[in-house]
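Quick caveat, the model's predicted, so the values are computed rather than measured.
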Amino acid sequence: RSHSRLEVLVKLLSQFETDYNRFLQEGAAYVVQRFELVSGFANGKRVKVATGRETFVGTTAGLSAEGLLIVRKEDGGMVTVIAGDVSEVK
C-alpha cells in the first residue's frame, strides 16, 4: 500500500507533538533515553574515535544525560566524546 504525502505528514507531526510534549514535561532525559533505545550505535558497538587530541578504540557504553556518546576504551577507561569522528570497527 502506498501512502499519500499528507498521511505521512500528519503521522509525523502527530508523533512530533507527542514527543515534544513529553520533552516539555520531562526534559532532555526523555529524548536521550528514547534515542538510546532506538539507536543501534549507542551501546555495544566497537568504535574508533578520533578527536583533535587522540585516537582510540573502544566500545560504546551509552549516552550521558546531555546526550553525549560514552565510550569504554580498551584499557577500561571511560571517555565522554564531546567532538570527534566516530566510526564502527568491524
Q.
Looking at every non-hydrogen atom in both residues, tell me the closest pair between Glu36 and Leu63 and how far apart they are.
A. OE2-N, 3.2 Å

Q: Would you confirm whether Thr60, through its side chain, and Val71, through its main-chain N or O, come within 3.5 Å as a donor-acceptor pair?
A: no

Q) Val49 and Ile70: same hydrophobic cluster, using ILVMFWY side-chain contacts below 4.5 Å? A) no

Q: Measure across Ala61 and Met78 and return the closest heavy-atom pair with its distance rounded to 0.1 Å.
A: CB-CE, 3.8 Å

Q. Distance from Leu13 atom CG to Glu17 atom CD, nearest 0.5 Å?
A. 8.5 Å

Q: Hey, could you give me the CG/CD1 distance between Leu69 and Ile82, rounded to the nearest 0.5 Å?
A: 11.5 Å

Q.
Walk me through whether Val47 and Val57 qualify under side chain to side chain contact (heavy atoms under 4.5 Å, CB included).
A. CA-CA 6 Å; Val47 293; Val57 174; over 6 Å; no

Q) Taking all atoms of both residues into account, what is the closest heavy-atom pair of Phe23 and Tyr30, and its distance? A) N-CD2, 4.2 Å

(Q) Rounded to the nearest 0.5 Å, what separates atom OG in Ser39 from atom NZ in Lys45? (A) 9.0 Å

Q. If you group Ile, Leu, Val, Met, Phe, Trp and Tyr by side-chain heavy-atom gaps below 4.5 Å, do Phe41 and Val32 land in one group?
A. yes

Q. Between atom NZ of Lys11 and atom CD of Gln15, what is the distance when rounded to the nearest 0.5 Å?
A. 6.0 Å

Q | Over 12 non-hydrogen atoms of neighbours within 6.0 angstrom of CZ in Arg72 | A | no

Q. Do you know which two heavy atoms are closest between Lys48 and Val89, and how far apart they sit?
A. N-CG2, 3.5 Å

Q) Salt bridge between Glu26 and Arg34, side-chain N to carboxylate O under 4.0 Å? A) no

